[in-house]
> 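To start, I am sharing the structure in question, which I have written as structure tokens.
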2 protein chains.
Amino acid sequence: MTRQRRVLLEILDQSDAHLDARTLCERAQKKIDIDRATVYRTLELLKQKGLIDELDLMHLHGEMHYFEARTGSEHFHLACYGCGKITEVEDGMFERLKKHVALHEGFKVQTARLEIGGYCRACTAQHKKKSRV
Amino acid sequence: MTRQRRVLLEILDQSDAHLDARTLCERAQKKIDIDRATVYRTLELLKQKGLIDELDLMHLHGEMHYFEARTGSEHFHLACYGCGKITEVEDGMFERLKKHVALHEGFKVQTARLEIGGYCRACTAQHKKKSRV
DNA sequence: GCTTACTTGCGAATGAGTCGCAACTTTAGA
DNA sequence: TCTAAAGTTGCGACTCATTCGCAAGTAAGC
């Protein structure tokens, strides 16, 4: 566990938003001297260890990938095509679905990622209002 | 609707595997003269129209992205970290989860993507056998 | 057939991510 | 504490997917 790795994990843990590699790198460089390559290598490592998850959030902003620290709670993401907002949802049904798949398919689940793209409540309302005019 | 677009859709429709941009491009070039840029532009277009889905299959093979034509049936993907096999699963529970989210979060679902990484039945068995030795 | 709007191919540019290697840290053992 | 081995980092160069601008080509409606 080196200084570089500690700082990266710290940033990921504390960040409430989802960071892409570049942003993570920039933030880390404000704190210590760290190279791009190290950031990528560390992300790869943390991913393998299961400490972080990689997302793409329905490619709302191009082909970019995002990372988030794994907390105890399992959640999934809603991405609004209208306003771009990302919402995290915790719902027991997601857990049940995973268990269900494990059982029915004989699959040992390590990581599950559910991402849903569409329109949030606010944007749907907006849209309806507009089309009424 | 140009020749290029027709060919690309045709390949995606017919392919049973998941194609990345490069492979799709290579296959298309066997049939007609078509440029890389056109392939990317068309993929973007088809994605927006909701005719294809973009997947990353848990980054089993690096940061590559895959595309598949949208069929009527909704399914999700299991990616085996052991043997690399991708399995498609159709399960009513997935549909129910989407409806549930739509209702509870007031979210208008357009696209939902569920990808699960772990170990398939065969690889799990193999692993157990090995660790017994 | 003609015109307008859209698409394509090309070549160049961008930029994320990777690699090899020498220098530096960490760790554990003497 | 000192030392050696193993693992990690920074650097610079490199690869390669993806994007862009623009001129030429094509589709669709009149």
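In the text below, chain A, chain B and the rest are named by the order of the sequence lines, each starting its count at 1.
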> Whole Å only: how far is the CG atom of Leu24(B) from the P atom of dA17(D)?
14 Å

> Need to verify one output field. Residue with the more 5' nearest nucleotide on DNA chain D, Met64(B) or Ala37(B)?
Met64(B)

> Taking NZ, NE, NH1 and NH2 as the nitrogens, is one of them in Arg113(B) or Glu115(B) under 4.0 Å from a carboxylate oxygen of the other?
yes

> To the nearest Å, how far apart are Asp56(A) CG and dA17(D) P?
19 Å

> Considering just the side-chain nitrogens and oxygens of Arg5(B), establish if one lies under 4.0 Å of OP1 or OP2 belonging to dT7(C).
yes

> Side chain of Tyr40(B) only, heavy atoms from C-beta on: which candidate in dA13(D), dC11(D), dA17(D) is closest?
dA17(D)

> State whether the distance check finds a donor on one side and an acceptor on the other, under 3.5 Å, for side chain Arg36(A) versus base dG17(C).
yes

> Grab the CZ-C1' distance between Arg41(B) and dG25(D) for me, whole Å please.
13 Å

> Whether Thr38(B) contacts dG9(C) is assessed here as follows: a side-chain N or O lying under 4.0 Å from the phosphate OP1 or OP2. Is that the case?
yes

> Between C1' on dA16(C) and CG on Asp20(A), what's the gap in Å once rounded to a whole number?
10 Å

> Tell me: CG of Leu8(A) to P of dT9(D), nearest whole Å?
9 Å

> Taking only side-chain nitrogens and oxygens of Gln4(B), does any of them come within less than 4.0 Å of OP1 or OP2 of dT26(D)?
no

> Are Glu26(A) and Arg22(A) close enough for a salt bridge, meaning some N to O gap below 4.0 Å?
yes

> Below 4.0 angstrom, N of the basic side chain to O of the carboxylate: do Arg41(B) and Glu44(B) qualify?
no

> For a quick test of reading the model, state the closest non-hydrogen atom pair linking Leu60(B) to Ala79(B) and the distance between them.
CD2-CB, 4.0 Å

> When the C1' atoms of the five terminal pairs at each end define the local axes, what inter-axis angle does the helix from dG1(C)-dC30(D) to dA30(C)-dT1(D) show, to 10 degrees?
40°

> Going by heavy atoms in the side chains, are Met93(A) and Arg96(B) under 4.5 Å from each other?
yes

> dA23(C) C1' sits how many Å from Asp33(A) CG, rounded?
15 Å

> Remember a base hit wins even if backbone is also touched, and classify Glu63(A) as base, sugar-phosphate or nothing at under 4.0 Å, heavy atoms.
nothing

> Quick check on dT8(C): is either OP1 or OP2 less than 4.0 Å from any side-chain nitrogen or oxygen of Thr2(B)?
yes

> Please determine whether a side-chain nitrogen of the Lys or Arg among Lys98(B) and Glu95(B) lies less than 4.0 Å from a carboxylate oxygen of the Asp or Glu.
yes

> Rounded to whole Å, please give me the gap between CD in Glu26(A) and P in dG15(C).
12 Å

> In this structure, how many angstroms lie between the C1' atom of dG17(C) and the NE2 atom of His65(B), rounded?
13 Å

> Taking only the side-chain nitrogens and oxygens of Arg22(B), find out if one of them lies under 4.0 Å from OP1 or OP2 of dA17(D).
yes

> If you define the side chain from C-beta out and look only at heavy atoms, does anything of Leu12(A) sit under 4.5 Å from Leu46(A)?
yes

